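Here the structure is a predicted model, which means the values were calculated and not measured. The figures that follow rest on heavy atoms only: side chains count, while hydrogens, waters and symmetry mates do not. Just so it is clear: chains get the letters A, B, ... in the order the sequence lines come, proteins before strands, and each one is counted from 1.
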Amino acid sequence: MKQRVPRLLPWLDDRQPDVVCLQELKLTDDAFADLLGAELESRGYQWAVSGEVQWNGVALLSRAGLDDPVVGITGAPGFPHPEARAVSAVCDGIRVYSLYVPNGREPDSDHYRYKLEWLAALRDMVADRPGDSLVCGDMNIAPADADVFDPAAYVGHTHVTKPERDALAQLHALGLRDLLRERWPDERVFTYWDYRAGMFHKDLGMRIDLILGSEPVSERVRAAWVDRHARKGKGPSDHAPVIVDLDAAPDGDIGPLVPPPSSRQAKTSGVKLPQSR
DNA sequence: ATGACCTGCCAAGCAGGA
């Protein structure tokens, strides 16, 4: 996060998101507040954060309300100790999760098993909380072969294995939909590009940062895209923000014939802004 | 070319990322 402040603040001012999910803060809660508290407050954001000193760390920013914040995933395993990989809260009626799913490192490693157990706990937590939800962040899973630049190169690696994709399917089985892929069903859409070897400029990346929405929220999507511009220039994260623009929730009195004059922008990013990497 | 980066720890390389 420390290295990304000069990128994050102008990005907030430019994109004007109502809700933002950050991952890989690499900061304690106190350091986050010291670094960003005043800047966020002046922009009208409330926040919930779960940090630790060197690794991991997630935050949720909102200027659309921030109710019932929950740090962590109920029943999630540690490695071996609990890690700062999840924070959620209800923003304007939607429970938004900012997640940093464990990497997995190598298939069949202890860290890989940890990843799968962590995802199972996430599924259970989402299942136990009825109501609208947005599950957002660095999922560290490429949902399909189309989500990696060279599927053959990833055979035998994490992020593409069947158990990982099955864990994602368990979230879809709860009714969550992949908002970016639904919007761009046949496009080349990546959210992460390695820093090395000019991978970004060659568009050799992966789509591992996801926004999954429950059915009613999915119906409100008016735009969904990857903010590739944020991956350019000086000092970017190696991930780009994923943005979803939602219409205001229907109030039940006015029919759907006339769209609201201004849409509400809910935004979530799988931004590893922090390293925000 | 089995390459190529980046950050935080803290002061040199290592852990970790994906």
Protein-nucleotide distance ([X], atom [atom1]; [N], atom [atom2]), rounded to Å:
X         : N       : atom1 : atom2 : result
Asp138(A) : dG16(B) : CG    : P     : 17 Å
Trp193(A) : dC5(B)  : CH2   : C1'   : 16 Å
Leu25(A)  : dT7(B)  : CG    : C1'   : 13 Å
Glu52(A)  : dG16(B) : CD    : P     : 12 Å
Ile141(A) : dG17(B) : CD1   : P     : 15 Å
Leu8(A)   : dT7(B)  : CG    : C1'   : 17 Å
Met199(A) : dC6(B)  : CE    : C1'   : 15 Å

(request) Sort and list the pairs that fulfil salt bridge (charged side-chain N to carboxylate O under 4.0 Å, His left out) and have at least one residue in residues 32-61 of chain A, not counting sequence neighbours. (result) Asp13(A)-Arg43(A), Glu39(A)-Arg43(A)
(request) Provide the full list of salt bridge (charged side-chain N to carboxylate O under 4.0 Å, His left out) pairs with a residue in residues 121-130 of chain A, sequence neighbours left out, each pair given once. (result) Asp68(A)-Arg129(A)
Under 3.5 Å, N/O pairs linking protein and nucleotides 9-15 of chain B:
residue, atom, partner, partner atom, Å
dC9(B), OP1, Val53(A), O, 3.1
dC9(B), OP2, Lys2(A), NZ, 3.0

What distance, rounded to whole Å, do you find between the two [atom1] atoms, one in [N] and one in [M]?
N       : M       : atom1 : value
dT2(B)  : dT7(B)  : C1'   : 25 Å
dC10(B) : dC6(B)  : P     : 23 Å
dA1(B)  : dA11(B) : P     : 40 Å

(message) Any carboxylate oxygen within less than 4.0 angstrom of a Lys/Arg side-chain nitrogen, looking at Asp247(A) and Arg222(A)?
(response) yes
(request) Can you sort out the partners of Arg113(A) under salt bridge (Lys or Arg N to Asp or Glu O under 4.0 Å), two or more places apart, ordered by chain and number? (result) Asp110(A)
(message) For Arg165(A), give me all partners under side chain to side chain donor-acceptor pair (under 3.5 Å), at least two apart in sequence or on another chain.
(response) Asp145(A)
(message) So, using side chain to side chain donor-acceptor pair (under 3.5 Å) as the criterion, who are the partners of Gln54(A) when residues are at least two apart?
(response) none
(request) Sort and list the pairs that fulfil ring pair (Phe, Tyr, Trp, His ring centres under 6.0 Å) and have at least one residue in residues 199-219 of chain A, not counting sequence neighbours. (result) Trp193(A)-Phe200(A)
Every protein N/O within reach of nucleotides 2-4 of chain B N/O, cut-off under 3.5 Å:
none

(message) Could you work out, with ring pair (Phe, Tyr, Trp, His ring centres under 6.0 Å) as the rule, every residue matching His111(A), not counting sequence neighbours?
(response) Phe79(A), Tyr114(A)
